[in-house]
Amino acid sequence: MTLDTESGLSREETDALLARHETGVLALAREDEPYSIPISYGYDPETRRFYLRLVSTPESEKRKFLASSPLARIVVYEESEPVYRSAVAIGTLEEIPRDELTVEHIEQYGKAKRPLFEIWGESKRDLDVQLYQLEPDELSGRRIEVDRE
């Protein structure tokens, strides 16, 4: 397997990739400890913001990482052989308190699908749903074509 071509995606191609998907990986870190989870998201290509509903229990590892206001990365990728495309957004997650929600926020969270990856053994009343947005400091896309022969 050899790498034939690798190139950056244009802004429009990156936005299209992010808009056509609804899941990715959220990576957080604090000090020297990493944490990453699959997430569902909404994406607004006009503002280039991500909208996330993150569900956890009060004692969860996720909640501990989120409480530290970590730098975050969202990674979204797709494969359509022989082409791979990916986008990486880097920024700080900002929690949106419910009493500060605007009509625009509600519209965007409506586009963020329910947490598709979350399976809970706890009662739903023990779960905490918090709303976040990420306006990336950096947002880039990449296209790689691989020759398998």
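When reading the values below, keep in mind they use all heavy atoms of this one structure, side chains included, and skip hydrogens, waters and symmetry mates.
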What residues form a side chain to side chain donor-acceptor pair (under 3.5 Å) with [X], not counting sequence neighbours?
| X | answer |
| --- | --- |
| T92 | none |
| E13 | S10 |
| R73 | none |

Measuring from [X]:[atom1] to [Y]:[atom2], what's the distance to the nearest 0.5 Å?
| X | Y | atom1 | atom2 | result |
| --- | --- | --- | --- | --- |
| I37 | K62 | CD1 | NZ | 4.0 Å |
| R49 | E135 | CZ | CD | 4.0 Å |
| Y43 | R48 | OH | CZ | 4.5 Å |
| L134 | E94 | CG | CD | 9.5 Å |
| K64 | L28 | NZ | CG | 14.5 Å |
| E81 | E145 | CD | CD | 11.0 Å |

Discussion item. Using the ring pair (Phe, Tyr, Trp, His ring centres under 6.0 Å) criterion, which residues pair with Y77? Sequence neighbours excluded.
Written reply: none
Would you say that [X] contacts [Y] through its side chain, given a criterion of any heavy-atom pair below 4.5 Å between the two side chains?
| X | Y | result |
| --- | --- | --- |
| S40 | E22 | no |
| T14 | L9 | yes |
| L52 | I74 | yes |
| E78 | L17 | yes |
| F50 | L93 | no |

Practice prompt. Among residues two or more places apart or on two chains, list those pairs meeting ring-ring contact (aromatic ring centres under 6.0 Å, His included) that have a residue in residues 7-28.
Written response: none
Worksheet item: Any idea how F65 and Y35 line up, ring-wise: parallel (<30°), tilted (30 to 60°), or perpendicular (>60°)?
Response: parallel
Discussion item. List the residues meeting side chain to side chain contact (heavy atoms under 4.5 Å, CB included) with S36, not counting sequence neighbours, and say none if there are none.
Written reply: V25, A27
Worksheet item: Any sub-3.5 Å donor-acceptor pair from Y41's side-chain atoms to L18's backbone N or O?
Response: yes
Item to complete: Tell me whether L71 is reachable from Y132 by hopping between hydrophobic residues (I, L, V, M, F, W, Y) whose side-chain heavy atoms are closer than 4.5 Å.
Response: no
